[in-house]
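Bear in mind that the values here come from a model prediction, so they are computed numbers and not experimental data. Index from 1, following the sequence.
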Amino acid sequence: MNRIIKWIKLCMAAFLTSCSGTGTEHVIDNYYLGTIDYVEKNLSLYYKLQSGDYIGVVNPTVFAIGYNENYIIVKQHPGNWSDDIINKDVTNYYIVPVKDWLHNSPDENKIGPLTYDEFLLKREELKIPNNLVFSKIFKKLE
């Protein structure tokens, strides 16, 4: 099982690295938005490791983000992107701490998935300012 996970991560890193920057977009710190094979519905939030490899933090389909120096907020529609299925009837919310990590592993360093009400409560609990909004929205994916 570990071999399969490593192989999948290696493939994802190869796809992202082969994009020569056009398949990824820097967000903040070591966080990037990226797609696999330039397929927009595969938009995910990744963390770039020191090795240069990418590890998924919030999987497809990410359709809105906002960030400041402390947090990244993410809206995501779940689905099975390999089968071209996106459930736009469901919206998950995530909060990703940029500086004060919750976990040692980048792929676990997130709060979510959350419902909208849970997201609002967690924002209040973490004292995330109201001026941190979803500033980048991908309308086609919304």
From [X] [atom1] over to [Y] [atom2], what is the distance, rounded to the nearest 0.5 angstrom?
{"X": "N109", "Y": "Y31", "atom1": "CG", "atom2": "OH", "answer": "4.5 Å"}
{"X": "E69", "Y": "D29", "atom1": "CD", "atom2": "CG", "answer": "11.5 Å"}
{"X": "T61", "Y": "N92", "atom1": "OG1", "atom2": "CG", "answer": "11.0 Å"}
{"X": "L121", "Y": "L126", "atom1": "CG", "atom2": "CG", "answer": "11.0 Å"}

Inset, instruction - Check L102, I28, V57 against V96 for a side-chain contact (heavy atoms from CB on, under 4.5 Å) and give me the one that passes. - result: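 Single side-chain contact (heavy atoms from CB on, under 4.5 Å) partner of V96 among L102, I28, V57: V57.
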Legend entry - side-chain contact (heavy atoms from CB on, under 4.5 Å), paired with Y94, selected from K110, K75, K122: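 It is K110, the one option of K110, K75, K122 that forms the side-chain contact (heavy atoms from CB on, under 4.5 Å) with Y94.
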Counting only N and O atoms by type, is there a donor-acceptor contact under 3.5 Å from the side chain of [X] to the main-chain atoms of [Y]?
{"X": "Q76", "Y": "N59", "result": "yes"}
{"X": "T24", "Y": "G34", "result": "no"}
{"X": "N30", "Y": "K48", "result": "yes"}

Inset, instruction - Kindly indicate, with the supporting measurements, whether the criterion side chain to side chain contact (heavy atoms under 4.5 Å, CB included) is fulfilled by K136 and V27. - result: CA-CA 10 Å; K136 186 159 189 94; V27 176; over 6 Å; no
Answer with yes or no whether the hydrophobic clustering places [X] together with [Y]; edges join I, L, V, M, F, W, Y residues whose side-chain heavy atoms lie under 4.5 Å apart.
{"X": "V58", "Y": "Y71", "answer": "no"}
{"X": "I95", "Y": "L120", "answer": "yes"}
{"X": "Y116", "Y": "V133", "answer": "no"}
{"X": "I72", "Y": "I55", "answer": "yes"}
{"X": "I128", "Y": "Y67", "answer": "no"}

Legend entry - Verdict with reasoning, L141 to H77, per side chain to side chain contact (heavy atoms under 4.5 Å, CB included): CA-CA 8 Å; L141 302 173; H77 290 309; 5.7 Å; no
Legend entry - Residue pair I73, Y93: steps toward the side chain to side chain contact (heavy atoms under 4.5 Å, CB included) verdict: CA-CA 7 Å; I73 56 174; Y93 295 82; over 6 Å; no
Minimum heavy-atom distance [X]-[Y], with the two atoms named:
{"X": "K140", "Y": "E40", "value": "CD-OE1, 3.3 Å"}
{"X": "N68", "Y": "P129", "value": "ND2-CG, 4.0 Å"}
{"X": "S44", "Y": "P60", "value": "OG-CD, 2.9 Å"}

Inset, instruction - Indicate yes or no: at least one non-hydrogen side-chain atom of D107 is less than 4.5 angstrom from one of Y47. - result: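 SC-SC contact between D107 and Y47 ruled out.
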Legend entry - Contact check, side chains of I65 and L45, non-hydrogen atoms, under 4.5 Å: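 They are not in side-chain contact.
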Legend entry - Step-by-step side chain to side chain contact (heavy atoms under 4.5 Å, CB included) determination, F138 to L33: CA-CA 12 Å; F138 299 87; L33 282 174; 3.8 Å; yes
